[in-house]
Amino acid sequence: LTLLNHYPMPDAMMKLDEEAIADCLLGFAPTKSKKWALEKAQKVLTAAQNCPSTQTVLESHLLSLKTYITLLLQLQEHLKTLEKQIDTLAKEVKEYDLLLSIPGIGPKIAATILSEIGEIERFDHPKKLVAFVGIDPSVHQSGKFTATQMSITKRGSKRLRKALYMAVQCSLRRSGNPRLRQYFDQKRETKPYKVAVIACANKLLHLIYAILKKGVPYQEQTV
């Protein structure tokens with residue numbers, strides 16, 4: 001975005017070579033590598049060369065582009081501030097540290113789960129929490145017919161389902177949660193990938209319920 005703000009026209013971009021663009025990118029993103037910058041510079045030049053509007057561009061379009069870029073950059077900074085405030089508030093909640101003790105659950109996922117679930121005392125059984133999240137199976141019936149292919153209900157918070165999905169993905173990595181990985185592999189022997197992931201999300205949610213109810217951090221033998 002910052003590069004585009006400096007060089008909004010394709011012809012201005014094409015006057016630079018890959019090395020110059022790479023150096024410019026590194027000035028905006030000093031933590032990135034030179035290899036990353038050169039790869040991005042090559043893509044930028046290719047995009048500039050293939051741009052259909054190299055000849056006639058209205059001044060109003062350039063003004064709109066710069067305005068949108070400024071707004072996006074400001075929103076990104078605002079989001080960073082909000083994330084810091086969320087982290088500060090979350091650290092004051094005991095349940096936050098309990099969730100962080102579970103392999104695969106990081107600060108953002110833990111904060112999302114806590115904010116979406118609320119007080120765990122609202123649920124007197126883990127199945128009610130599963131139903132609240134919307135990852136319980138929906139059964140389709142008509143008369144005496146009951147479908148054998150079932151999908152989840154998708155009730156409740158979409159953000160919470162996404163957070164659980166991300167937690168499962170992190171848990172299934174090599175350095176994640178070995179027990180949950182083992183459970184996933186067992187499910188994959190007879191179930192499709194998505195079904196196995198939903199089963200892991202269900203199991204993880206049961207674990208979250210138990211940890212929050214008991215107020216005891218995660219231990220390997222609790223899985």
Check whether any side-chain heavy atom of [X] lies under 4.5 Å from a side-chain heavy atom of [Y], and answer yes or no.
X      : Y      : answer
Lys194 : Pro192 : no
Glu95  : Ile211 : no
Ile208 : Ile105 : yes
Lys84  : Thr81  : no
Ile102 : Leu204 : yes
Ile69  : Leu65  : yes
Lys66  : Pro8   : yes
Val197 : Gln169 : yes

**Prompt:** Do the two ring centres, one from Phe123 and one from Tyr209, sit under 6.0 Å apart?
**Reply:**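 Aromatic pair excluded; centres sit 6.0 Å or further apart.
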Do side-chain atoms of [X] reach the backbone of [Y] as a donor and acceptor pair under 3.5 angstrom?
X      : Y      : answer
Arg173 : Gly104 : no
Tyr96  : Ala110 : no
Arg181 : Ser171 : no

Measuring from [X]:[atom1] to [Y]:[atom2], what's the distance to the nearest 0.5 Å?
X      : Y      : atom1 : atom2 : result
Leu129 : Leu205 : CG    : CG    : 4.0 Å
Asn177 : Leu207 : CG    : CG    : 7.5 Å
Leu160 : Lys162 : CG    : NZ    : 12.5 Å
Met166 : Ile109 : CE    : CD1   : 4.5 Å
Lys34  : Asp23  : NZ    : CG    : 5.0 Å
Phe28  : His6   : CZ    : NE2   : 4.5 Å

Residues [X] and [Y] bridged, charged N to O under 4.0 Å:
X     : Y     : result
Asp97 : Lys91 : no
Glu77 : Lys80 : yes
Lys15 : Asp11 : no

What heavy-atom pair brings [X] and [Y] nearest, and what distance separates the two atoms?
X      : Y      : result
Leu98  : Val216 : CD2-C, 3.7 Å
Ala48  : Pro10  : O-CB, 3.6 Å
Leu25  : Ala41  : CD1-N, 4.0 Å
Cys24  : Leu3   : SG-CD1, 3.7 Å
Phe132 : Ile117 : CE2-CA, 4.4 Å
Phe184 : Cys200 : CB-SG, 3.5 Å

Can you get from [X] to [Y] by hopping between Ile, Leu, Val, Met, Phe, Trp and Tyr side chains that sit under 4.5 Å apart?
X      : Y      : value
Leu212 : Leu100 : yes
Met13  : Tyr68  : no
Ile21  : Leu26  : no
Ile120 : Ile113 : yes
Ile198 : Val195 : no

Above 12 or not: heavy atoms from other molecules or residues under 6.0 Å from [atom1] of [X]?
X      : atom1 : result
Lys32  : NZ    : no
Glu119 : CD    : no
Arg159 : CZ    : no
Lys213 : NZ    : yes

**Asked** Which is it for Val130 and His206 under the side chain to side chain contact (heavy atoms under 4.5 Å, CB included) test, yes or no, and what are the steps along the way?
**Response** CA-CA 8 Å; Val130 171; His206 276 73; 3.6 Å; yes
